[in-house]
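Notes follow the structure.
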Amino acid sequence: SHKGEKEAILMTEKLSIKINSIDLFLCSPSFRTKQTCDIFFKKYERAEIKYEEKLYHASASTIYNVIEKTDESFHTVALISHNPGITDFVNSLTDIKIDTMPTSGVFVVQTNLDTWKQFENSEKTFFYFGYPNKL
């Protein structure tokens, strides 16, 4: 068991108190992101996992492009990717700004939309930010 695994388990427990279901995990295909996704998936077993090559060291705009291709049948989507792109992405979502997205950090927003194609320009409301060192 490595430190990242313990952190992900801890964050899964914290997140599951706030969000009771996730429909889809969009995940970079790297070894570490897959490990993290597997840990979260144990808690959200009804979810689907889609490994997306484009998320490997993706920029914020690439992350938006991946989200916009998501099927409307998924209501709650989790994204697992890498710095620095994930930090840039998170900082583009709301007025809340962070220095860097920590390992196993979780940043959650809510939005109302009919299709994921509207996500980038939709009004997003900050819901939760947590990371292992905060515990």
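We number each residue from 1, following the sequence as shown. Computation of the quantities below employed the complete heavy-atom set of this structure, encompassing side-chain atoms and omitting hydrogens, waters and symmetry-equivalent molecules.
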Side-chain touch Thr125/Val109, heavy atoms, less than 4.5 angstrom: no
Any residue meeting ring-ring contact (aromatic ring centres under 6.0 Å, His included) with Phe107, in chain and number order, not counting sequence neighbours: Phe126, Phe129
Value rounded to 0.5 Å, distance of CG in Asn91 from CE in Met101: 10.0 Å
Residue pair Phe40 / Val106, side-chain heavy-atom distance below 4.5 Å: yes
Donor-acceptor pair, side chain of Lys117 and main chain of Asp114, under 3.5 angstrom: no
Pairwise distance CD(Glu5) to CZ(Arg32) - rounded to 0.5 angstrom: 9.5 Å
Reported NE2-to-CD1 distance for the pair His57 and Ile86, which is rounded to 0.5 angstrom: 12.5 Å
Euclidean distance, Lys18 NZ relative to Tyr128 OH, rounded to 0.5 Å: 6.0 Å
Pair Glu72-Thr115, side-chain donor/acceptor within less than 3.5 Å: yes
Tyr64 side chain reached by Ser92 side chain, heavy atoms, under 4.5 Å: yes
Partners meeting side-chain hydrogen bond (donor to acceptor under 3.5 Å, both in side chains) with Thr111 (sequence neighbours left out): Ser122
Atom of Thr12, atom of Ala8 and distance for their closest heavy-atom approach: OG1-O, 2.7 Å
Euclidean distance, Ile80 CD1 relative to Thr36 OG1, rounded to 0.5 Å: 6.0 Å
Under the ring-ring contact (aromatic ring centres under 6.0 Å, His included) test, residues paired with Phe127 that sit two or more places apart: none
Heavy-atom pair of closest approach, residues Pro132 and Thr103: CD-O, 3.5 Å
Listed partners of Glu120 passing salt bridge (charged side-chain N to carboxylate O under 4.0 Å, His left out), at least two apart: none
Pair Leu15-Val108, side-chain contact (heavy atoms from CB on, under 4.5 Å): steps then yes or no: CA-CA 9 Å; Leu15 186 63; Val108 183; 4.0 Å; yes
Flag, side chain of Lys124 to backbone of Phe119, donor-acceptor distance under 3.5 Å: yes
Residue pair Glu13, Leu10: steps toward the side-chain contact (heavy atoms from CB on, under 4.5 Å) verdict: CA-CA 5 Å; Glu13 293 304 317; Leu10 198 58; 5.8 Å; no
Can you give the donor-acceptor pairs under 3.5 Å from side chains of residues 44-56 to other protein atoms, not counting sequence neighbours?
residue : atom : partner : partner atom : Å
Tyr44   : OH   : Ser16   : N            : 3.4
Tyr44   : OH   : Ile19   : O            : 2.7

Under 3.5 Å donor-acceptor pairs involving side-chain atoms of residues 22-30, not counting sequence neighbours:
residue : atom : partner : partner atom : Å
Asp23   : OD2  : His75   : N            : 2.7
Asp23   : OD2  : Thr76   : N            : 2.8
Ser28   : OG   : Ser30   : N            : 3.4
Ser28   : OG   : His82   : NE2          : 2.6
Ser30   : OG   : Thr33   : N            : 3.3
Ser30   : OG   : Thr33   : OG1          : 2.7

OG1-OH distance between Thr100 and Tyr131, expressed to the nearest 0.5 angstrom: 11.0 Å
